[in-house]
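Note sheet for the following structure.
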Protein chains: 2
Amino acid sequence: MASGPAETTQAAAVPDALSSQPKLSPSVEVSSTRQSRVRRREDAIVAAAREMFTTHGYAKTTMAMIARAAGVADGTLYTYFENKEALARGVIADFYKRLTDSSQAGVDGRRTTRTKLDFLARHHLQRIMDERGIIEMLPTLMSSLSDYEGSDVHSLNKTYVAVFDRTVREGRASGDIPSDADVRVLRDIFYGALDYGGKSLMMRSSRKGARKADMTRFVDRLVSMIVGTGETARSVADRLESVADRLENTLKQIERK
Amino acid sequence: MASGPAETTQAAAVPDALSSQPKLSPSVEVSSTRQSRVRRREDAIVAAAREMFTTHGYAKTTMAMIARAAGVADGTLYTYFENKEALARGVIADFYKRLTDSSQAGVDGRRTTRTKLDFLARHHLQRIMDERGIIEMLPTLMSSLSDYEGSDVHSLNKTYVAVFDRTVREGRASGDIPSDADVRVLRDIFYGALDYGGKSLMMRSSRKGARKADMTRFVDRLVSMIVGTGETARSVADRLESVADRLENTLKQIERK
DNA sequence: TGAGGTAGCTGAAGCCTATTCAATTTAATC
DNA sequence: GATTAAATTGAATAGGCTTCAGCTACCTCA
C-alpha cells in the first residue's frame, strides 16, 4: 500500500539485504544517513508501542497514544506499519528475538540436560510474567489460525522453541531423556505448562517469597517429568547392572566350591 | 447502569433465587410469563453472539451483527449485557457450564484414574478445538489480571478444573498418583499442555487420520506423566527396586565371608 | 552551489462501531 | 380500560483507526 519502508518490519527478520545503498561500515550507525534515521525512528515507534501495550493493553492503547509517545504524527505510524495489528506483531517479533537470544545464551552456559531445561523453564516463566502484556496480545492478533501460519511471528516462535528442541534431542542422545520421546509432544507439554503455570503463579501468591517457592516447585516437577523419573529409575538400572556384575562374580566363586 | 435485567447473567451461575414472583411449577416454562420471555430472549442473544464470535472472531463481530442474528434492535443488547465484553463473557460462561457438565458426566462413567484422566484430556482437547473461537476471546477479555479475579468466568473455570482436582486426589488416595504430588502443579501442567497442544494439533496434521493419531500419542504421554510410568511399568520398577535392595544386602553378607 | 526530485512526514477528514437515551411499544395490575 | 412499569427501539453521539493531499527535508547531480 504505502510506498514507504513499510515492509522493513518483515525484512527485519533476516539480517538485512535491503535496498539501493551498498552497506557502509556498520560502525557509522551514529551518523545521520537517511537509512539510519529511518531505522532509529522505527525502533522508537516499536519501543513506544511496547511501552503502551504493556501498560494499557492492546485494546485500550490508541494509535494516537503511541504516536505521541514516539514523538511522531499519527499518520507516520502507517509509513512503518500497515495497521495497528501489524504494529503489535512488530512488538511481538521483537520480543521473540530478544527471548531467543537470551535463551540460547543461557543454555550454552550449562552442561547437563536437567540444568538446561531448568534454566529454559525459569527464564521463560520470568519473561512472560514480566512482559505479560505483550504475549497476551498474541491470541488477539492470531485469532484466525490462517493468520498465524506464515506470519513472521510464527517463524520467530519456531526459532525460539528450536532452542528447547535441540536440548531435548541432545538429552535423548545422551540418555537423559527416554529415546522414544517425541520432541513435539514434549515441547507442547513444556511450553503449554509454562504459559498456563505463569498465569496461575501470578494469581496466587502475591507475596514475593511465596511466588519464588511456588515457581521452584512447579519447574522442578515439570522438568522431572521430562528428564524422566530418570534419576531414580536410571539409578535402579545402574544398581542392577552393578549388582549383576557382582552376582556373577560371587556365583562363580560359590559354584567353584 | 441499566434498570433492566442486566444482572441476570451474573445470577445465572446460581440456581435462581431471583425476584418478586414466587416460583411457579417449573413445567409451565413454556408459558408466556414476562420472566420466561426475558430468559428466552437472553438465550437467543447469547446463542447469536456465540455463533457470530465463533465464525468471525471477537474483533470482527459487530454488535449490529449480533443484534440482527438475534432478531432484536442494537439497543436491546445493552438491556441484557453491559457492553460487548460482558456479552462475550456471557458466552464464555455458558461454554464453561456446558463443559463442566459433560466432563463430570464422563468422569463418573469411568473407574480407573488413568481412564478418567484420559477422558478429561480428550474431551478438553475436542472441545477447545471445536469451539476454539470462544476460548480465544478469553485473553482478550481478561487482559488485566484484576479483571479476571472475581469475574464469574473465573469462578466457573474453578468449578470446571475442580473435576480434574477431585480425580487427582482420588488417584493419590488409591496410590495411582504419587502422594507427594501437588494438585495445583499437576493441574497447571495438565491444562496448560492441553491448551497449547490443541493449537499445535490444529496447525500440523490437517488430515483427519493423522490428527487422531497425534492426539492419542500426545494424550497418552501427558496422562502417563501424571499417573506415573503407568500401572505395570511402575509396579515392575518398584519390585526391581526392592529386589535390588535385598540383593545388595544379601551380597554384602555373602561377600563378607 | 543550486535545481529537481523523492522519501518521509503531517494532521485534518472520512468511516466504522460501540454505546446512549428519549420516545414508543408491550405487558402486568387494579 | 386506565395506569404504571418494563422492554424495546433506532437515530444520534463519541471515539478510534485509517487515508491522503499537500508539505518538508534531504539527496543527487550538474
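Chain letters run A, B, ... following the sequence lines, proteins first, then strands; residues in each count from 1.
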Report yes if at least one side-chain N or O of T76(B) is closer than 4.0 Å to OP1 or OP2 of dT9(D); otherwise report no.
yes
Looking at V72(B), is its backbone amide N or carbonyl O close enough to the side chain of T76(B) to form a donor-acceptor pair, meaning the two atoms are under 3.5 Å apart?
no
Output the rounded distance in Å from CE (M63(A)) to C1' (dT19(D)).
12 Å
K84(A) to Y58(A), cation-pi by 6.0 Å centre distance and 45° axis angle
yes
CA sep, side-chain torsions, deciding dist, call: K199(B), E136(B), salt bridge (Lys or Arg N to Asp or Glu O under 4.0 Å):
CA-CA 11 Å; K199(B) 283 176 213 156; E136(B) 267 166 2; over 6 Å; no
Within this structure, what is the NZ-to-P distance between K84(B) and dT19(C), rounded to whole angstrom?
8 Å
Under 4.0 angstrom, heavy atoms only, what part of the nucleic acid is T62(A) near: base, sugar-phosphate, or nothing?
sugar-phosphate
R68(B) atom CZ is separated from dT17(C) atom C1', nearest whole Å, by 13 Å
Grab the CG-P distance between L77(A) and dT19(D) for me, whole Å please.
12 Å
T79(A) has a side chain; which of dC17(D), dT9(D), dT10(C) sits nearest to it?
dT10(C)
Rounded to whole Å, CD of E85(B) lies from P of dA18(C) at a distance of 12 Å
Taking atom P of dG8(C) as reference, at what distance in whole Å does atom CD1 of I45(A) sit?
12 Å
Output the rounded distance in Å from CD (E42(A)) to C1' (dG8(C)).
13 Å
Whether D118(B) and R122(B) form a salt bridge (side-chain N of Lys/Arg under 4.0 Å from carboxylate O of Asp/Glu) is what I want to check.
yes
Of the listed nucleotides (dA18(C), dT19(D), dT9(D)), which one gets closest to any side-chain atom of Y78(B)?
dA18(C)
Strictly below 4.0 Å: does Y80(B) bring a side-chain N or O up to OP1 or OP2 of dT8(D)?
yes
Taking atom P of dA11(D) as reference, at what distance in whole Å does atom CG of D74(B) sit?
10 Å
